[in-house]
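Below is one structure; the comments refer to it alone.
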Protein chains: 2
Amino acid sequence: MRKNKSAALRKPDILESYYQVLIQEGLEGTSISKIANRIGIHPSLIIHYFKNKENMKLELVDLLIEKYQSPAMINFDHIEDDEEHFNAIIDVLFSFKWNRTVDPGVHFGFYYLSLRNEQILARFRVMFKWLRDYLREKLIYFNDKGVIRVKDATQAADYMVTLMEGLEFHSQFLANGEHFDDFAQTARKVLVSALKNGDF
Amino acid sequence: MRKNKSAALRKPDILESYYQVLIQEGLEGTSISKIANRIGIHPSLIIHYFKNKENMKLELVDLLIEKYQSPAMINFDHIEDDEEHFNAIIDVLFSFKWNRTVDPGVHFGFYYLSLRNEQILARFRVMFKWLRDYLREKLIYFNDKGVIRVKDATQAADYMVTLMEGLEFHSQFLANGEHFDDFAQTARKVLVSALKNGDF
DNA sequence: GATTATTAACTGCATATTCAATTAAAATGA
DNA sequence: TCATTTTAATTGAATATGCAGTTAATAATC
């Protein structure tokens, strides 16, 4: 007997399936059929909900960006001591957990698509700007409190994002089976030192 | 009238065409037919030379890595003054020219494939290690000469590669129409400062 | 009874690859 | 040097497969 779900339930199901197939098969191995089979529905149903693959792609990008922006993860405003507060934020940014909120392969794949897809590019630009601006505000705050010494908070925040993304590369190509954290802690140390020494 | 070229001439032609189609159409838009049409040959001829698409892919990766490793670009051993010598190397690493020796989109695409393709991954691992080790040797030299102060040259070299790759992200997602160089110079400054301050 | 969810059957297209045939170039032998 | 044989380059046609998307019908839901 066929079970009918509402769009509100079915669409997230499809996007989750899309995400899982992407993880397993990659961009080039992901088809509407596979996404549908995985959750036991007819491929046409996906077209019914998303009209075409491109729309579905954009909706998944939006979903993953939302996931990435979950503010719970980097909000430590409850910590009163400024130095501790600062360290808590930095800790998360260079943690395995943060860098793996979304499967890095999927993120990477969409980054690649953004080179040829204006709409995806625009979304990621907004996402990175959001992160950068969030960090900038924090840096300004910690600068006022005397925890760090930065003149150009925007450049410093840009640098942090740059370093974090670079760490993805490092873990893929230069980490010799070592855990993500090992080198991340070096990068973290050097960054903090630059922030405190007034290099920005 | 048909002109027969030797394999030694035809294979590079095909790889060059592959490269160009990749730049214009991306991974998903690149087919054997398009590569063949672009240089006016029959698609079967490509299969004849490479046996299948996968082999051709690997041969192109090898070719691009060779291009990337052209040592001419970062060899400044002729500069006698150590400080100048050091600056010349750093300058190139953070230059637009260096970062664009191979089309970044193509590089990026192969990085992505490396997540699901062991053979491509192995090749890029070798390439990055080559770059890292090259830099490490240089850092050890400049440390001995008193130009910089590093205890762990491997970590420092890892950090340099990480930062350089992060810059690619920055220019794609955070550079607001600014030229690549603008932020690269900030990153360069902060790195040099860390190398000289003994942060590694 | 109208709207929505779902499927079935189908279309057209592009794909990588195979196979056999054809043409050109190179090697050989007189 | 010329004819012959061998090898390599090239094409044409065919195959099988997978793809996104269309259209029309059926089933469930409100």
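Every chain is numbered from 1 and lettered A, B, ... according to where its sequence line falls, protein lines coming before strand lines.
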*asked:* For Lys196(A), is there an ion pair with Glu83(A) - N to carboxylate O distance below 4.0 angstrom?
replied: yes
Practice task
Would you kindly say whether Gln20(B) and Glu16(B) are connected by a side-chain donor-acceptor distance under 3.5 Å?
Solution key: yes
Here the distance between atom C1' of dG18(D) and atom CD of Glu28(A), to the nearest Å, is 14 Å
*Is it the case that Arg100(B) places NZ or CZ above or below the six-membered ring of Phe180(B), under 6.0 angstrom from the centre and within 45 degrees of the axis?*
yes
To the nearest angstrom, the CG-C1' distance between Asn55(A) and dA20(D) comes to 13 Å
Dump every N/O contact between nucleotides 14-17 of chain C and the protein below 3.5 Å, one line per pair.
from: dT15(C); atom 1: OP1; to: Ser31(B); atom 2: OG; distance (Å): 3.1
from: dA16(C); atom 1: OP1; to: Ile32(B); atom 2: N; distance (Å): 3.4
from: dA16(C); atom 1: OP1; to: Lys53(B); atom 2: NZ; distance (Å): 2.9
from: dA16(C); atom 1: OP2; to: Ile32(B); atom 2: N; distance (Å): 3.1
from: dT17(C); atom 1: OP2; to: Lys53(B); atom 2: N; distance (Å): 2.9

note: Leu9(B), atom CG; dA8(D), atom P; distance rounded to Å ~ 16 Å
Here the distance between atom C1' of dT7(C) and atom NZ of Lys5(A), to the nearest Å, is 17 Å
Would you confirm whether Ser17(B), through its side chain, and Ile35(B), through its main-chain N or O, come within 3.5 Å as a donor-acceptor pair?
-> yes
| Hey, are Lys189(A) and Asp199(B) close enough for a salt bridge, meaning a charged N less than 4.0 Å from a carboxylate O? | no
Asp13(A) atom CG is separated from dA5(C) atom P, nearest whole Å, by 13 Å
| said: Once you measure the plane-to-plane angle for His107(B) and Tyr111(B), does it fall in the parallel (<30°), tilted (30-60°) or perpendicular (>60°) bin? | reply: parallel
**Request:** Could you tell me whether Phe108(B) and Phe108(A) have their ring centroids closer than 6.0 angstrom?
**Result:** yes
Whole-Å distance, Met56(A) CE to dC19(D) P, equals 12 Å
Atom CZ of Phe50(B) and atom C1' of dT10(D) are separated, to the nearest Å, by 15 Å
Notebook entry, point to check: Reckon Arg10(B) has a side-chain N or O less than 4.0 Å from the OP1 or OP2 of dA8(D)?
Noted result: no
Ordered by number, residues from residues 17-25 of chain A within less than 4.0 Å of DNA chain D (heavy atoms) are none
The side-chain contact (heavy atoms from CB on, under 4.5 Å) partners of Asp77(B) (sequence neighbours excluded) come to Asn75(B), His85(B), Lys138(B)
**Prompt:** Below 4.0 angstrom from OP1 or OP2 of dA8(D), is there any side-chain N or O of Tyr49(B)?
**Reply:** no
Leu45(B) CG to dT22(C) P, in whole Å, measures 18 Å
Regarding dA8(D), can its base be found pairing with the side chain of His48(B) as donor and acceptor, where the two atoms are less than 3.5 Å apart?
no
With hydrophobic residues grouped by side-chain heavy-atom distances under 4.5 Å, do Ile140(A) and Met160(A) end up in a single group?
no
